[in-house]
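Sequence lines set the chain letters: A, B, ... in the order given, protein chains first and strands last, and positions in each chain run from 1.
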Amino acid sequence: MNIETLLVEEISQTLHHLYGEIIGLKVSLEKTKPTFNGDFTLVVFPFVRYSKSSPEETAKQIGEVLCKKEEIFSSYNVIKGFLNLNISTTLWLNYFNQFEATSTDTLKGQKIMIEYSSPNTNKPLHLGHIRNNLLGYSLSQIMKANGADVIMANLINDRGIHICKSMLAWQRFGNGETPESAAIKGDHLVGKYYVVFENKLVEATSEAIENAYHGNWTSDDNTINERYRDLLTRLSEAEEDKQISKIKGLIKDLVRNQSELMQSCQEMLRKWEAGDEEILQLWSTMNSWVYDGFDSTYKNLGVSFDKFYYESNTYTLGKDIVQEGLASDVFFIKEDNSVWIDLSDKGLDEKLVQRGDGTSVYITQDMGTAELKYKDFHIDRSIYVVGNEQDYHFKVLFLIMKKLGRPYAEGMYHASYGMVDLPSGKMKSREGTVVDADDLLQEMYNTSKAKTEELGKTQGMDDSELDILYKRLSLAALKFFILKVDAKKRMLFNPEDSIDFQGDTGPFAMYTYARIKSILRQQQAENSSYSDLELHSTEVDVIKTLSEYSTVLKNAANEYNPSGLCQYILDLAKSFNRLYNELSILKEPDLQKKNFRLQLAKKTSDTLSHSMGLLGIEMVERM
RNA sequence: GACCUCGUAGCUCAGCUGGAUAGAGCAACUGCCUUCUAAGCAGUAGGUCAUAGGUUCGAAUCCUAUCGGGGUCGCCA
């Protein structure tokens with residue numbers, strides 16, 4: 001049993017004994033603040049009305065009774081309404097004896113799908129994807145460590161206008177270039193042609209756009225002209241800068257969409273949908289280049305998937321659900337034949353679920369895919385690791401599935417995370433401020449190599465060992481840096497200052513681990529149990545921290561957030577480092593104490609590697 | 001315009017199911033390597049927890065308003 005649960009039970013009994021039945025009162029116990037003496041603190045204010053005496057008096061009464069249980073409590077002190085309790089050495093040793101860094105069974109029997117990564121196939125992965133991948137992978141490991149049966153899924157967006165852009169640019173300007181001939185990664189090559197397309201489009205339309213802002217533009221299509229004139233009127237009436245730039249943006253899109261390049265692109269998409277052999281061939285070739293590139297990035301990043309879904313297979317799904325929703329009056333049709341759902345009873349708007357021409361929108365596909373996932377695996381929970389810009393989308397999706405009476409709707413969850421910002425603001429591909437995933441990984445590798453060489457502690461390690469060290473060290477730094485921040489919050493990444501290797505970092509935790517391993521190489525810990533041993537305060541601290549592990553593990557799963565785990569790892573590493581500095585392990589003359597410390601070190605290192613593993617970080621024995 | 005979200009030390013972040021004197025790391029400054037790995041440890045300095053009200057014995061934490069950043073809102077995924 002968890003130590004806090006045990007204590008809460010003891011305290012509840014005592015309260016009952018002292019004051020009779022106290023209904024509905026939760027005993028909340030917290031860790032004593034470091035400035036006070038004690039292990040745990042009970043706030044007694046809530047009990048004053050039952051004790052009918054002052055807070056100090058009440059605390060004293062409770063403390064007096066509790067400390068009669070010598071095998072649990074050793075002493076207490078009272079400051080104002082706070083009862084600080086000291087735990088007996090015997091109890092700490094009990095916990096020490098049975099402690100093991102192991103999984104919990106909180107989610108046993110649950111089948112959970114975690115969808116993450118979900119890239120488009122027209123560009124290489126960037127820093128934003130890295131946060132997504134690290135969160136998704138880590139959440140999967142955390143759910144597994146709580147006993148769940150986890151399916152890691154990746155829904156690849158392999159179709160649509162963005163891929164056609166790369167394809168068209170490659171067709172026209174590529175001269176048959178391949179990843180081999182150009183000697184670059186496939187995803188980067190395809191990304192290169194996406195950029196070529198965008199540049200050519202700017203070249204071809206910038207003049208026309210400028211003219212269009214001033215009213216000097218026409219199209220062959222009369223309905224387009226009508227929309228254009230309408231926008232011009234709105235532009236002349238607009239006053240706020242925000243409004244003006246928004247309308248200008250719409251005009252820009254209008255002109256661009258009418259350009260030869262975009263028209264050809266649309267044509268290509270139509271041909272793709274019609275199953276044109278040549279287009280399909282090109283499409284699958286270029287996608288395969290991208291997949292090769294992604295594979296390598298995923299591998300370097302240390303993430304993996306059990307199941308791939310491809311949008312080219314799923315984009316038509318959901319239409320039957322739309323029909324079903326119409327039949328059951330969950331959806332309704334407007335004059336133009338478009339299908340909608342009214343969510344105003346839930347405080348939201350009406351939402352389009354199918355266009356007037358019968359084609360799908362994003363949410364149509366997502367409805368279909370949700371159904372597919374359930375049919376494929378009969379999952380209890382379906383988790384989507386997707387950025388918080390889609391909070392609204394998922395709110396709507398889940399509501400729709402509930403309204404449609406899907407039994408699995410309750411198990412759907414959007415693990416929403418914040419964007420990664422640069423000091424200059426948001427990453428923008430047009431402005432070239434995107435931090436490429438492969439570049440970043442390479443830079444981290446170089447940095448970890450440089451830092452290691454600076455320290456010069458790697459005598460006797462051969463090149464392949466060093467390579468593993470640099471890789472793991474760089475990944476530890478990067479992963480910890482990203483996962484340490486509360487997933488829901490946006491975070492800042494400054495490419496100018498490299499990620500730290502000192503202080504609250506992944507390498508710090510690794511270092512603590514390597515130090516322990518160095519000791520254990522010299523002498524192994526023998527398994528034995530302890531019932532009576534004089535403990536140093538740093539030793540108690542380490543045991544105390546170890547005993548919190550299972551709670552931390554559960555919370556990380558409940559909150560869909562690995563950051564608590566990171567904080568815990570730092571706590572544990574710090575408390576062990578304090579011990580390491582205060583006490584000698586190998587040179588301790590008392591053999592019982594010495595072995596106890598060796599075991600404590602062993603359990604600490606096991607916990608460090610178990611918890612870091614859940615972040616997707618692999619340890620090294622030496623560094 | 002509406003809705004969501006964030007605002008804590010110079011910087012990056014914890015703390016947020018209400019509890020004591022608000023914590024780390026980085027950067028700055030002091031100490032500690034002939035003793036188990038100094039990627040470490042100990043210490044100094046740095047705060048009107050955006051602002052103003054409210055609820056409470058008690059508010060960084062809950063509520064309301066204001067200011068500021070970010071995001072979303074009928075056909076991009």
Side-chain angles (χ1 to χ4, degrees), chain A residues 26 28 30 32-36 41 43-46 48 55 79-82 84 118 120 157 159-162 253 311 315 334 336 338 340 347-357 359-366 387-393 395-396 416 418-419 421 423 425-426 448 451-452 454-455 457 473 476-477 481 484-486 488-494 497 499-512 514-523 563-564 566-567 570-571 573-574 576-588 597-598 601 622-623:
Chain A
K26 235 177 79 188
S28 74
E30 38 198 86
T32 302
K33 296 262 163 72
T35 37
F36 299 93
T41 298
V43 182
V44 300
F45 290 106
V48 170
I79 296 168
K80 290 192 267 181
F82 300 91
N84 299 320
S118 309
N120 291 352
N157 184 7
R159 67 163 282 279
I161 199 74
H162 47 281
D253 286 347
E311 230 177 77
Y315 82 107
K334 286 198 179 178
D336 65 349
S338 55
W340 296 72
L348 305 174
D349 296 332
E350 292 181 349
K351 179 86 188 172
L352 179 87
V353 295
Q354 186 172 294
R355 292 192 189 106
D357 61 6
T359 54
S360 305
V361 290
Y362 181 35
I363 204 151
T364 327
Q365 298 174 36
D366 264 6
N388 64 9
E389 57 203 348
Q390 293 195 36
D391 283 358
Y392 183 74
H393 170 77
K395 216 180 200 175
V396 170
S416 165
M419 297 290 106
D421 284 334
K426 220 180 161 179
S448 73
K451 299 230 176 204
T452 306
E454 215 172 279
L455 290 169
K457 293 197 287 193
L473 199 51
F481 176 81
K484 185 163 69 102
V485 181
D486 185 340
K488 288 186 288 300
K489 291 190 180 173
R490 54 189 272 264
M491 66 177 292
L492 194 85
F493 177 82
N494 190 348
D497 354 324
I499 292 175
D500 275 322
F501 283 65
Q502 271 161 11
D504 286 355
T505 65
F508 167 71
M510 277 179 96
Y511 177 69
T512 309
R515 263 178 161 183
I516 295 174
K517 284 294 161 174
S518 167
I519 293 173
L520 294 175
R521 271 196 297 276
Q522 293 173 60
Q523 181 158 5
S563 74
C566 293
Q567 298 301 331
L570 294 174
D571 269 0
K574 279 180 197 172
F576 185 83
N577 281 330
R578 245 169 270 138
L579 180 150
Y580 182 93
N581 231 260
E582 292 263 337
L583 306 170
S584 183
I585 297 173
L586 291 173
K587 291 194 175 131
E588 169 59 45
R597 283 178 199 160
L598 283 168
R622 295 180 54 194
M623 63 186 275

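We find the CG-CD1 distance between A/Leu579 and A/Ile585 to be 6.0 Å, quoted to the nearest 0.5 Å. Rounded to the nearest 0.5 Å, atoms CG (A/Asn84) and OG1 (A/Thr41) are 4.0 Å apart. Between atom CE of residue A/Met419 and atom CD of residue A/Glu389 there is a gap of 4.0 Å, rounded to the nearest 0.5 Å. With values rounded to the nearest 0.5 angstrom, A/Lys334 atom NZ is found 4.5 Å from A/Glu350 atom CD.
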Nucleotide-level pairing of RNA chain B, given in dot-bracket where Watson-Crick and G-U pairs need both distances under 3.5 Å and | marks other strands: (((((((..((((.....[...)))).(((((.......))))).....(((((..]....))))))))))))....

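Comparing B/rG19, B/rU37, B/rA14 against the side chain of A/Asp486 picks out B/rA14 as the nearest. Which of B/rC76, B/rA39, B/rA20 sits closest to the side chain of A/Lys33 comes down to B/rA20. In this structure, the nucleotide among B/rA38, B/rA14, B/rA77 sitting nearest to the side chain of A/Gln365 is B/rA77. Here the nucleotide nearest the side chain of A/Arg355, chosen from B/rA77, B/rC26, B/rC36, is B/rA77. The side chain of A/Asp391 has B/rC4 as its nearest neighbour among B/rG19, B/rC76, B/rC4.
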Protein within reach of the bases, or only the backbone? For nucleotides 41-47 of chain B, mark each nucleotide 5' to 3' as B, S or -, using heavy atoms under 4.0 Å. SS-----

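Residue-level contact check: A/Glu350 touches neither bases nor backbone, having no heavy atom under 4.0 Å from any strand. As judged by a 4.0 angstrom heavy-atom cut-off over every strand, A/Asp336 is placed among the base-contacting residues. Contact annotation for A/Thr41: base contact, defined as any heavy-atom pair under 4.0 Å involving a base atom. As judged by a 4.0 angstrom heavy-atom cut-off over every strand, A/Thr505 is placed among residues making no nucleic acid contact. Residue A/Asp366 is out of contact with every strand shown, counting any heavy-atom pair closer than 4.0 Å. Among the heavy atoms of the strands lying under 4.0 Å from A/Leu492 are primed sugar atoms or P, OP1, OP2 only; no base atom is included. Counting non-hydrogen atoms under 4.0 angstrom, A/Leu598 reaches nothing in the nucleic acid. If you check every strand for non-hydrogen atoms under 4.0 Å, A/Thr35 touches nothing.
The aromatic ring of A/Phe82 does not sit over the base of B/rG19; the criterion of centres under 5.5 Å apart with planes under 30° is not met. A distance cut-off of 5.5 Å between ring centres, combined with a plane angle under 30°, leaves A/Phe45 outside any stacking arrangement with the base of B/rG58.
Two residues are said to be in side-chain contact when any heavy atoms from C-beta on lie closer than 4.5 Å; A/Asn388 and A/Arg490 fail this criterion. For the pair A/Phe501 and A/Tyr511, the minimum side-chain heavy-atom distance is 4.5 Å or more. Two residues are said to be in side-chain contact when any heavy atoms from C-beta on lie closer than 4.5 Å; A/Val361 and A/Thr364 meet this criterion. Within the 4.5 Å cutoff, the side chain of A/Phe82 has no heavy atoms near those of the A/Thr32 side chain. Between A/Lys351 and A/Tyr392, the closest side-chain pair of non-hydrogen atoms falls below 4.5 Å. The shortest side-chain heavy-atom distance between A/Leu586 and A/Gln523 falls under the 4.5 Å cut-off. Considering only heavy atoms from C-beta on, A/Lys484 comes within 4.5 Å of A/Leu570 through its side chain. Contact check for A/Val353 versus A/Trp340: no side-chain heavy atoms found under the 4.5 Å cut-off.
Between A/Ser518 and B/rC36 there is no side-chain N or O to OP1 or OP2 distance below 4.0 Å. For A/Lys489, a side-chain nitrogen or oxygen approaches OP1 or OP2 of B/rG7 to under 4.0 Å.
Residue whose closest nucleotide on RNA chain B sits further toward the 5' end, between A/Val485 and A/Gly356: A/Val485. Where A/Asp500 and A/Tyr362 meet RNA chain B, the nucleotide closest to each residue was compared, and A/Asp500 sits on the side nearer the 5' end.
Summarising the geometry, the separation between CG on A/Asp504 and P on B/rG25 is reported as 6 Å, rounded to the nearest angstrom. Between the NZ atom of A/Lys395 and the C1' atom of B/rC4 there is a distance of 6 Å, given to the nearest Å. Atom CE in A/Met623 sits roughly 12 Å away from atom P in B/rA38 (whole-Å rounding). In this structure, A/Ile499 atom CD1 and B/rG25 atom C1' are separated by 14 Å, rounded to whole Å. Look at NZ on A/Lys451: it is 18 Å from P on B/rA38, rounded to the nearest Å. Atoms CG (A/Leu570) and C1' (B/rA14) sit 10 Å apart, rounded to a whole Å. Between A/Leu348 atom CG and B/rC4 atom P there is a gap of 10 Å when expressed in whole angstrom units. In this structure, CZ of A/Phe36 is placed 14 Å from P of B/rG19, rounded to the nearest angstrom.
B/rG7 and B/rU37 are spaced 42 Å apart, taking the P atom of each and rounding to whole Å. Look at the P atom in both B/rA22 and B/rA45: the space between them is 14 Å, to the nearest Å. Here, B/rA27 and B/rU44 have their C1' atoms 15 Å apart, quoted to the whole Å. Of the C1' atoms belonging to B/rC63 and B/rC11, the separation is 32 Å, rounded to the nearest Å. B/rG19 and B/rA65 are spaced 24 Å apart, taking the P atom of each and rounding to whole Å. If you take atom C1' in B/rA42 and the same atom in B/rA50, they sit 35 Å apart, rounded to whole Å. The C1' atoms of B/rG1 and B/rG15 are separated by 36 Å, rounded to the nearest whole Å. Rounded to the nearest Å, the gap between the C1' atom of B/rG58 and that of B/rG18 is 8 Å.
The aromatic rings of A/His393 and A/Tyr362 lie parallel to each other, with less than 30° between the two planes, well short of the 60° mark.
Annotated as anti: B/rC4, whose glycosidic dihedral deviates from 0 by more than 90°.
No donor-acceptor contact under 3.5 Å links the side chain of A/Lys587 to the base of B/rU35.
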Under 3.5 Å, N/O pairs linking protein and nucleotides 70-73 of chain B:
from   : atom 1 : to       : atom 2 : distance (Å)
B/rC73 : O2'    : A/Asp349 : OD2    : 3.4

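Remark: the A/Asp391 side chain and the A/Ser416 side chain contain an N/O donor-acceptor pair separated by less than 3.5 Å.
Ion pairing between a basic and an acidic side chain is recognised when a charged N comes within 4.0 Å of a carboxylate O; A/Asp486 and A/Lys488 show such pairing.
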